[in-house]
> 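Encoded as structure tokens, here's the structure I'll be asking about.
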Amino acid sequence: MEKTFDPQSIEQTCYQRWENSGHFAASGKGDPYCILLPPPNVTGSLHMGHAFQHTIMDALIRYKRMKGNNTLWQVGTDHAGIATQMVVERQLNAQGQTRHDLGRDDFVKKIWEWKAHSGGTITGQMRRLGTSPDWSREVFTMDDNLSEAVTEVFVKLHEEGLIYRGKRLVNWDPVLHTAVSDLEVVNEEESGHLWHMRYPLADGSGHLVVATTRPETMLGDTAVAVHPDDERYRSLIGKEIKLPLSDRLIPIIADDYVDLEFGTGCVKITPAHDFNDYEMGKRHSLPMINIFTADAKVNDDAPEAYRGMDRFDARKQIVADLDALGLIEKIDDHKLKVPRGDRTGAVIEPYLTDQWYVAVESLAKPAIEAVESGEIRFVPENWNKTYYQWMHNIQDWCISRQLWWGHRIPAWYDNNGNVYVGRTESEVREKQGLANDVVLHQDEDVLDTWFSSALWPFATMGWPKQTPELETFLPSSVLVTGFDIIFFWVARMIMMTKKFTGQIPFKDIYITGLIRDENGDKMSKSKGNVLDPIDLIDGIELETLVEKRTAGMMQPQMAEKIAKRTRKQFPEGINAYGTDALRFTFAAMASTSRDINFDMARVEGYRNFCNKIWNASRFVLMNTQDADTGAKGGELQLSVADKWILATLQKTRADIETALADYRFDIAAQHMYEFTWNQFCDWYLELTKPVLNNEDATDAQKRGTRHTLVNVLEQLMRLLHPFMPFITDTIWQQVAPLCGHALEADATIMGQPFVEEVPELIDEEIIADIDWLKKCIVGVRNIRGEMDISPNKPLNVLFKNASASDQRRTQDMQVFLTRLGKLESITQLADGEEAPPSATAIVGDMEVLIPMAGLIDKDAELARIDKALDKLSKDIQRVEGKLANEKFVANAPDAVIAKERAKSEDFQSQQRTLMAQRETIASL
RNA sequence: GCGUCUAUAGCUCAGUUGGUUAGAGCGCUACCUUGACAUGGUAGAGGUCCCCUGUUCGAGUCAGGGUAGACGCACCA
């Protein structure tokens, strides 16, 4: 083995071995355990959020697989309609073309080509991360069988009247030329203006003033509304306005939606371009005048002067024209929420179009109940409040998109405007009795990407066919995802899965935090703070990183800023930390908080942890590889330390399993780290040296310790494997044979059982023995450290006031004490025997004394004692204060009181000892 | 407006139903190249648990109020 852990030299061969072993597929034995991978965009690449979630999922999958479950990780990718179409469209634009130049068929062909070209990126990256899904079942949302499920669901919902087509106001993205759902619109507060415009009364008797943030929409005004109780305007209700610039007559109507307090109390009503106005328009049967094209340019229904103008140019022109007519009363600065498309950033235009909708109310009810009843459980639990809040106010879902990439809507139109929904055109013809000479054309639109994603839990299992997988793996065990897609995806999966299978899609929903940068900022290309997980695994040169972060920036000055910041943060580039270190970092950071600030120092720390594991293994192998480990029999005599590490490993195993059952990966990681470093390496390995290097030790003793060394290491590798698959398998390959396992050629740790529970190994007395040993050694080291005694200087120590058990322990562990404490001798003082002036460490009632002669400065030891006494007196004061409180003694549970009493006694005994010591030393 | 979350060591974070002397990693200080490991070892320093009030024998933990910040939903033209 190399002296330093080198992740790159081991990762590739491991993954090959795993894939070849066939363990990724469900075993067919044991209780089913299934995780559905939230399908990433097929043409996307792995970002930190993926790497985080995939680590969690893989850890669960590997753990459950080792626990003997019939384990399936269903993998696949999403066609991601808008995102993918935009990527390919941008490529076309770069060549001076648009998708319209190609036409639909050729454009879609181009997207498939792009998918073929880049579709393997993310799955390749998942392999680098060590994930172990069943690749043989990998699906794509536009595969034939998934598309079939999509059609089936659409048709069935339509038959039940739960999918309908309607002309309504939708969120229109004028850049993409498509409707988007409410969820795809982000409302950000921006600075704008409130224009106060004079609207003349038709009878020439005066004017009203209306306030608006969007003056250009006046071209589509069909009324002015006031509050029915508004004294100022009551007499005007029913009269007419002569709409400036258009010269149309529009009524003044009364509606209590109007807020008397806001603006002038008069509202211009544009039913075709505002959601509230639309509702009011319907209430009052107002005409709806659409004044924009799909590009959000003024259309031919508007006055000629503005036709063809962009909506924002039209705004300027209209304000100028009104001003020229003296119709602008005033312009105020105003903060308003501007709706923008989450993909394009374009201002969304409420736009009157024909779209398909899902009526969600009846679907939402059982989906709410599934969570209320506890059948589905959010982890952490409070996310169910977010879920309820949205589900109780859920609106019908606009599912049609005017895109070319996606599942085509299974609806056909004849030339008379009739619409027929069916699985295929021929089914439609047959069902409707339409002759072959009736011309039908299919709906041009595609479905919202999330429509197919909503079917993921059952469509991936073969639905609408009744398959064994559907039987076995629905409901799946846990969904691991981010809170950002609870509405987009999680809620819709629950609705659709309940509707079409009667089952819940998953039992637990583990909601992960969002990975942010070290300052708590969201990682984004435009901020230039994105970390690529693969760069943390393989490392990256500074210049390459700078180039990567600044490539394709829209603004050159931003690129400069980002380059500067990157150079400052990573002057040496990024080291290659390896997959295991990265995965362990993610696990350790997976606490219950909703934001996770990614700290590079953690990765480095866990890379060091990998190195520690590596070197501990080197030590074990060096001492066992060419020696008798008892694998073939022979008497085994275990030392106290051997028994102790076996007990401690058992306790750790239990702690880790408890943490994993609670999805507390941070706690599990903590236990793994603590045991490996602070117990196994710091103490146990040191405690084996006195046995292995002791010429007086018997063969049975040496064999016993070697046997324990290899077996604990072998178990430790299995314990850590779910989090750190590569390093553990690599080491396991070497250590398992020393434990007597005959390895097949393709053997891998991932096919091994998890560490078994053996309660009888947990021997509390042994644990107490080693605890005592540690206290003695730490006591000596402490005095060495504080008194500046060289760690190499052998010491003669005295044990004073040693009880029978202290004496027994001294006897049993003498070799450990002397080796680890670097002691020349240990002398037990008899009762009443005078001790020379010494520095003192307290272990229970016993004192460990290091004679000062020639070693220890009087004043230094006095200072050390004073410091300890100071702390003790504060402790005693606090505890005694509590015990003196009658109410405490009367009310607190007996166990608590007993504990406080014991504490008090312990403190006081320590205090007496130290005071006596102080006196002796002071009198020198 | 409604709702959710966060505030603990210089930094990043743990701290289960109230009950040890509030912990870890990183960073910091001193010493140590000792035959697994300097990506290491030993020892150490470092905390007004955001503030106020309350409940309680007892509050980092519970309740109320406040301050600062993050997020979701719905919004007045």
Side-chain angles (χ1 to χ4, degrees), chain A residues 1 3-5 182 187 194-195 210-214 217 225 257-259 261-270 274-277 334 336-337 380 382-383 385-386 388-390 393 483-484 486-487 514 516 518 520 575 577 581 588-589 591-602 604-623 662 664 666-667 670 673-674 678 681-682 685-686 689 693 778 781-786 788-792 822 871-872 874-875 878-879 882 885-893 895-897 899-900 902-903 907:
Chain A
M1 278 174 93
K3 189 169 170 180
T4 304
F5 167 59
D182 294 346
N187 291 290
L194 195 56
W195 284 269
V210 296
T212 181
T213 55
R214 301 196 53 199
T217 61
Y257 157 79
V258 178
D259 181 354
E261 307 294 320
F262 190 87
T264 58
C266 301
V267 191
K268 60 189 275 308
I269 303 300
T270 319
D274 180 280
F275 288 99
N276 289 311
D277 292 6
H334 186 67
L336 73 162
K337 290 279 176 79
N382 57 280
W383 286 110
K385 288 187 184 153
T386 307
Y388 293 140
Q389 204 200 346
W390 189 68
N393 298 296
F483 56 81
D484 47 336
I486 289 178
F487 306 145
L514 202 71
R516 297 169 172 277
E518 70 284 356
N575 285 326
Y577 295 116
M589 294 193 311
S591 64
T592 55
S593 67
R594 76 161 58 178
D595 293 312
I596 292 161
N597 297 352
F598 192 84
D599 183 2
M600 289 291 293
R602 293 285 288 266
E604 185 162 343
Y606 293 127
R607 187 274 316 262
N608 295 351
F609 180 49
C610 291
N611 192 56
K612 190 74 178 175
I613 294 170
W614 187 258
N615 276 291
S617 305
R618 276 181 68 217
F619 172 82
V620 173
L621 294 173
M622 282 165 73
N623 281 287
D662 290 340
R664 287 303 303 264
D666 57 328
I667 294 175
Q670 175 84 21
Y673 188 96
E674 210 276 337
N678 302 347
C681 291
D682 286 352
L685 294 189
E686 294 305 321
K689 291 174 185 175
N693 303 335
V778 167
R781 284 177 181 166
N782 186 304
I783 293 169
R784 274 188 199 273
E786 293 196 27
D788 265 338
I789 302 171
S790 160
N792 297 320
K822 258 262 174 232
K871 187 167 181 302
L872 275 172
K874 277 183 192 151
D875 288 339
R878 191 186 47 250
V879 175
K882 255 190 204 181
N885 182 344
E886 279 172 36
K887 286 183 178 171
F888 171 73
V889 180
N891 290 309
V896 173
I897 296 169
K899 228 180 215 173
E900 291 296 318
K903 234 182 342 187
F907 287 151

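As the structure is a prediction and not an experimental result, all values here were calculated from the model. We name chains A, B, ... by the order of the sequence lines, and we start the count at 1 in each one. Note that these values count all heavy atoms, side chains included, but never hydrogens, waters or copies made by symmetry.
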> I need the Lys612(A) NZ to Phe5(A) CZ distance, nearest 0.5 Å.
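One finds 15.0 Å between NZ of Lys612(A) and CZ of Phe5(A).
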> Tell me what Asn597(A) touches on the nucleic acid: a base, only sugar-phosphate, or nothing, going by heavy atoms under 4.0 Å.
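It contacts sugar-phosphate atoms only.
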> For the C1' atoms, the ones on G40(B) and on U33(B), what distance do you get once it is rounded to whole angstrom?
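Pairwise C1' distance, G40(B) against U33(B), rounds to 9 Å.
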> Taking the C1' atom of each, how far is G66(B) from U6(B), in whole Å?
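So the two C1' atoms sit 16 Å from each other.
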> Looking at A14(B), G19(B), U20(B), which one has an atom nearest to any side-chain atom of Ser593(A)?
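Nearest to the side-chain atoms of Ser593(A), counting from C-beta on, is A14(B).
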> Answer with base, sugar-phosphate or nothing: what part of the nucleic acid does Thr270(A) contact at a heavy-atom distance below 4.0 Å?
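It contacts nothing in the nucleic acid.
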> Would you say the side chain of Lys871(A) and the base of U21(B) hold a donor-acceptor pair, judged only by whether the two atoms sit under 3.5 Å apart?
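Result: at least one qualifying N/O pair found.
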> Roughly how many Å apart are G46(B) and C26(B), using the C1' atom of each and rounding to a whole number?
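Looking at atom C1' only, C26(B) and G46(B) are 14 Å apart.
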> Taking the same atom, C1', in C31(B) and in C13(B), what whole-Å distance lies between them?
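Here C31(B) and C13(B) have their C1' atoms 30 Å from each other.
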> What does Arg784(A) touch in the nucleic acid at a heavy-atom separation under 4.0 angstrom: a base, only the sugar-phosphate, or nothing?
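No contact.
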> Flag the pair Arg664(A) and Asp662(A) as a salt bridge only when some basic side-chain nitrogen lies within less than 4.0 angstrom of an acidic carboxylate oxygen.
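Looking at Asp662(A) together with Arg664(A), the answer is no, because their closest N to O distance does not fall below 4.0 Å.
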> If the C1' atom of G54(B) is compared with that of U21(B), how far apart are they to the nearest Å?
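Comparing C1' positions in G54(B) and U21(B) gives a spacing of 27 Å.
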> Is Arg878(A) touching bases, backbone alone, or none of the nucleic acid, heavy atoms closer than 4.0 Å?
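If one applies the 4.0 Å heavy-atom cut-off, Arg878(A) turns out to touch the sugar-phosphate alone, with no base involved.
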> Ring-plane angle category for Phe262(A) and His334(A), please: parallel below 30°, perpendicular beyond 60°, tilted otherwise.
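Perpendicular, since the angle between the ring planes exceeds 60°.
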> Looking at U34(B), which nucleotide sits across from it as a Watson-Crick or G-U wobble partner, both distances under 3.5 angstrom, or is there none?
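U34(B) is unpaired by these criteria.
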> So which heavy atom on Ile897(A) is nearest to which on Ala892(A), and how close?
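In terms of heavy atoms, the two residues are closest at CD1-O, 3.4 Å.
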> Phe487(A) side chain: which of U4(B), G25(B), G72(B) is closest?
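Output: G72(B).
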> Indicate, with a heavy-atom threshold strictly under 4.0 Å, whether Lys874(A) touches base, sugar-phosphate, or nothing.
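The answer is nothing, as Lys874(A) stays clear of every strand by at least 4.0 Å.
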> Using a 4.0 Å heavy-atom cut-off across all strands, classify Val258(A) as base, sugar-phosphate, or nothing.
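Base, at least one base atom sits under 4.0 Å.
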> For Lys899(A) and for Trp383(A), find the nucleotide of RNA chain B with the closest heavy atom, then tell me which residue's nucleotide is more 5'.
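Its nearest nucleotide being more 5', the pick is Trp383(A).
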> Can you tell me the base-pairing partner of C50(B)? Count Watson-Crick or G-U wobble geometry only, both distances below 3.5 Å, and say none if there is no partner.
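Pairing partner: G66(B).
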> Check whether NZ of the Lys or CZ of the Arg Arg516(A) lies under 6.0 Å from the centre of the six-membered ring of Phe598(A) and within 45 degrees of that ring's axis.
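Judged by the rule (NZ or CZ under 6.0 Å from the ring centre, within 45° of its axis), Arg516(A) is not positioned above Phe598(A).
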> Of the nucleotides C71(B), A77(B), G19(B), which has the atom closest to the Arg516(A) side chain?
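Per side-chain heavy atoms of Arg516(A), the pick is C71(B).
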> Return the value, rounded to whole Å, for the distance between atom CG of Leu336(A) and atom C1' of A74(B).
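Atom-to-atom, Leu336(A) to A74(B), this comes out as 16 Å.
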> If pairing requires Watson-Crick or G-U wobble contacts with both distances under 3.5 Å, which nucleotide is the partner of C71(B)?
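Here C71(B) is engaged in a pair, and the nucleotide opposite it is G3(B).
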> Would Asp599(A) and Arg602(A) pass as an ion pair if we require N to O under 4.0 Å?
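Here Asp599(A) does not pair with Arg602(A) in a salt bridge, since their nearest N and O are not under 4.0 Å apart.
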> Could you run down nucleotides 31-45 of chain B 5' to 3' and tag each one B, S or - for protein heavy-atom contact under 4.0 Å?
-----BBSBSSSSSS
> Work out how far the P atom of C57(B) is from that of U67(B), and round it to whole angstrom.
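Each nucleotide's P atom is 32 Å from the other's.
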> Provide the Watson-Crick or G-U wobble partner of U12(B), both distances under 3.5 Å; none if there is no partner.
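Matched U12(B) with A24(B) under the 3.5 Å cut-off.
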> Looking at the side chain of Arg664(A), which of A77(B), G15(B), G25(B) is the nearest nucleotide?
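Looking only at side-chain atoms, Arg664(A) lies closest to G15(B).
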> Between Lys882(A) and Tyr673(A), name the one whose nearest nucleotide on RNA chain B is closer to the 5' end.
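Its nearest nucleotide lies further toward 5', so the answer is Lys882(A).
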> For U39(B), which nucleotide in any strand shown is its Watson-Crick or wobble partner with both distances under 3.5 Å?
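Base partner found: none.
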> Using the P atom on both, measure A24(B) against A43(B) and round to a whole Å.
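About 13 Å, rounded to a whole number of Å.
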> Taking all non-hydrogen atoms of both residues into account, name the closest pair between Ala616(A) and Leu685(A) and its distance.
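Closest heavy-atom pair between Ala616(A) and Leu685(A): CB-CD1, 3.7 Å.
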> Which one is paired to G60(B), where only Watson-Crick or G-U wobble pairs with both distances under 3.5 angstrom count?
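Checking every strand shown, G60(B) finds no partner, since no pair has both distances under 3.5 Å.
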> Fit a plane to each ring of Tyr606(A) and Tyr673(A), take the angle between them on a 0 to 90° scale, and name the class: parallel (under 30°), tilted (30 to 60°) or perpendicular (over 60°).
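Perpendicular.
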> Separation of Tyr257(A) atom OH from A77(B) atom P, in whole Å?
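Tyr257(A) atom OH is separated from A77(B) atom P by 8 Å.
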> When rounded to the nearest 0.5 angstrom, what distance separates OG1 in Thr212(A) from CH2 in Trp195(A)?
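Taking OG1 in Thr212(A) and CH2 in Trp195(A), the distance rounds to 8.0 Å.
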> Could you work out the separation of G10(B) and G72(B) based on their P atoms and round it to a whole Å?
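The same atom, P, in both gives a distance of 31 Å.
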